[in-house]
Amino acid sequence: MGFGSNLILVLVGLIFVGSRLIHGFGIFGFDMHHRYSDPVKGILDIDDQHLPQMGSVDYYSAMAHRDRLAGAGDATVESSLAFVDGNETYQLPSLGFLHYANVSLGTPSLWFLVALDTGSDLFWIPCDCRSCVKGLVTRSGRQLDFNIYSPNTSSTSTRVPCDSSSCRLRKQCSARPEICPYQVNYQSSNTSSTGILIEDTLHLTTEDTSLKATVDAKIKFGCGMIQTGSFLNRAAPNGLFGLGMEKMSVPSILASSGLTANSFSMCFGSDGAGRINFGDKGSLDQGKTPLNLDTPHRTYNISMTQTVVGDNVTNVDFTAIFDTGTSFTYLNDPAYSIISKSFASQTKETRSQPRSNLPFEYCYDISPGQQTFEAPPLNLTMKGGDQFSVTNPFVNVPLEKTL
């Protein structure tokens with residue numbers, strides 16, 4: 001006979017607030033929803049019959065495995081701005097365990113369901129592509145076709161020339177100086193996007209009903225003709241929205257154009273629902289910490305100076321990068337050993353035996369129907385002294401045992 005049991009996974013979750021230099025411009029924003037939420041499943045009706053059930057062992061194993069993807073009108077009014085096709089974003093299990101938003105681009109405008117990535121800079125979409133995903137089949141058997149961009153069909157499109165300051169591969173375009181090529185390689189095995197750089201209009205709108213206005217922002221982005229690896233296996237199949245710190249990222253372009261402050265924030269709720277704002281000025285009660293900018297590749301890198309696990313306080317210096325392209329928080333030693341061993345020493349539950357199908361070292365058995373789990377609180381101290389409280393670092397995974 002079979003009987004149910006539960007397993008507690010000890011995870012570390014982070015809320016991302018990507019703070020950059022702030023000026024007095026407008027604010028761009030849109031809501032974010034968890035990729036597993038019912039509204040998202042209802043809107044897109046993505047076929048998930050072969051996907052792991054939310055909360056299962058396979059679910060968390062798949063999330064850890066796919067984390068390797070990570071790399072890369074008058075807008076001066078004091079109003080939040082959203083993508084013109086809607087302010088909602090989605091977390092989708094069938095699309096690489098990433099956050100997505102529906103953006104509108106070109107003239108006439110086309111929508112693209114793009115993944116949001118703070119770990120990379122370039123915004124690219126499938127374009128006149130020779131290798132890309134052109135659609136998906138929904139759970140009900142309906143074909144969901146993606147839009148494929150073409151600069152020839154947009155009246156506001158222009159090609160970025162080789163002599164542009166945005167063109168990094170100038171040596172590869174001597175034969176055609178009017179076209180600048182690009183290629184971005186990502187950490188996920190054999191995953192890349194290759195094409196040419198284009199400038200076109202990204203359509204935005206103010207959210208303040210009293211100041212409703214359309215904002216058309218000129219954005220340089222990648223016309224992705226060839227996608228490889230994970231991009232052909234449903235991860236970011238309709239484009240990637242770069243949110244990094246370099247000048248080619250969307251926040252940097254909006255700031256350099258004078259449309260918004262050189263800042264943005266992202267917040268996520270416990271169910272994955274959230275919101276992103278460009279030009280966010282923050283609030284007085286927010287914690288602050290400086291970004292580490294003296295790195296070879298500028299990322300949202302911050303310093304931690306202390307770990308607080310229950311009653312154990314340990315001074316330890318380490319850095320952390322905020323990346324929306326990964327699902328979990330990963331720590332290197334000595335921080336990992338300090339936190340995990342301190343947590344284990346203060347936890348009363350019985351630690352379970354390692355499982356080959358789970359990518360986690362610290363798991364604990366709880367009884368069927370058990371609703372509470374006593375464990376020490378976990379906090380990190382950021383450089384500058386403000387605390388980062390890790391909320392809900394535990395995941396309850398139901399297991400089935402057969403006798």
Which heavy-atom pair separates [X] from [Y] by the least distance, and what is that distance?
X    : Y    : result
I125 : L105 : CD1-CD2, 3.4 Å
L197 : G222 : CD2-CA, 4.2 Å
R159 : I179 : CD-CG1, 3.9 Å
I302 : P290 : CG2-O, 3.9 Å
P126 : P237 : CG-O, 4.2 Å
K218 : I253 : O-CG2, 3.5 Å

Taking it one step at a time, do N315 and Q306 satisfy side-chain hydrogen bond (donor to acceptor under 3.5 Å, both in side chains)? CA-CA 4 Å; N315 294 324; Q306 196 177 67; 2.9 Å; yes
The test is side-chain hydrogen bond (donor to acceptor under 3.5 Å, both in side chains); show your working for Q227 and S131 and say whether it passes. CA-CA 6 Å; Q227 274 64 254; S131 175; over 6 Å; no
To the nearest 0.5 Å, what is the distance between [atom1] ([X]) and [atom2] ([Y])?
X    : Y    : atom1 : atom2 : answer
S252 : M245 : OG    : CE    : 7.5 Å
T350 : Y364 : OG1   : OH    : 10.0 Å
S230 : L232 : OG    : CG    : 9.0 Å
T156 : L202 : OG1   : CG    : 11.0 Å
T295 : N301 : OG1   : CG    : 6.0 Å
T299 : I321 : OG1   : CD1   : 4.0 Å

Show, in sequence, the C-alpha distance, side-chain angles and deciding distance for T305 and D317, and conclude whether the side-chain hydrogen bond (donor to acceptor under 3.5 Å, both in side chains) test is met. CA-CA 5 Å; T305 61; D317 292 324; 5.3 Å; no
Suppose we screen for ring-ring contact (aromatic ring centres under 6.0 Å, His included). Which residues come up paired with Y149, at least two apart in sequence or across chains? F221
Keeping the roles fixed (side chain from [X], backbone from [Y]), state whether a donor-acceptor pair exists under 3.5 Å.
X    : Y    : answer
K247 : S165 : yes
T201 : D216 : no
T347 : F343 : yes
T107 : S109 : no
H203 : V215 : no

Please walk me through it: do Y100 and L116 pass side chain to side chain contact (heavy atoms under 4.5 Å, CB included)? CA-CA 6 Å; Y100 288 83; L116 304 172; over 6 Å; no
State, with a plain yes or no, whether a side-chain heavy atom of [X] is found less than 4.5 Å away from one of [Y].
X    : Y    : result
T194 : Y182 : no
V184 : S192 : no
C363 : Q353 : no
T307 : L380 : yes
N379 : V390 : no
M304 : M382 : yes
C180 : L169 : no
N238 : V133 : no

Once you measure the plane-to-plane angle for F388 and F322, does it fall in the parallel (<30°), tilted (30-60°) or perpendicular (>60°) bin? tilted
Aromatic contact, F241 with F112 (centres under 6.0 Å): no
Let's go through N312 and V308 carefully: what are the C-alpha distance in whole Å and the side-chain angles of both, what is the deciding distance for side chain to side chain contact (heavy atoms under 4.5 Å, CB included) to 0.1 Å, and is it a yes or a no? CA-CA 6 Å; N312 292 346; V308 183; over 6 Å; no
Under the salt bridge (charged side-chain N to carboxylate O under 4.0 Å, His left out) definition, can you give me all pairs with a residue in residues 336-345, not counting sequence neighbours? none
Residue pairs meeting salt bridge (charged side-chain N to carboxylate O under 4.0 Å, His left out), one or both in residues 183-205, sequence neighbours left out, come to E199-K220
Looking at D311, I want to see if its CG is surrounded by more than 12 non-hydrogen atoms of other residues, nucleotides or ligands under 6.0 Å. no
More than 12 foreign heavy atoms under 6.0 Å from NZ of K134: is that the case here? no
Could you walk me through whether F123 and L240 pass the side chain to side chain contact (heavy atoms under 4.5 Å, CB included) check? CA-CA 6 Å; F123 168 31; L240 198 72; over 6 Å; no
Check the pair S342 / S345 against side-chain hydrogen bond (donor to acceptor under 3.5 Å, both in side chains), numbers first and verdict last. CA-CA 5 Å; S342 180; S345 67; 4.7 Å; no
Please, which pairs that meet disulfide (SG to SG under 2.5 Å) have at least one residue in residues 218-248, sequence neighbours excluded? C127-C223
Side chains of N185 and T191: donor-acceptor distance under 3.5 Å anywhere? no
From the list I198, D128, L110, side-chain contact (heavy atoms from CB on, under 4.5 Å) with S150 holds only for D128
Counterpart residues, side-chain hydrogen bond (donor to acceptor under 3.5 Å, both in side chains), relative to N190 (two or more places apart): none
Side chain to side chain contact (heavy atoms under 4.5 Å, CB included) partners for E361, two or more places apart: Y336, R351
Would D323 and D117 satisfy side chain to side chain contact (heavy atoms under 4.5 Å, CB included), going step by step from the backbone distance to the final call? CA-CA 7 Å; D323 183 9; D117 187 17; 3.1 Å; yes
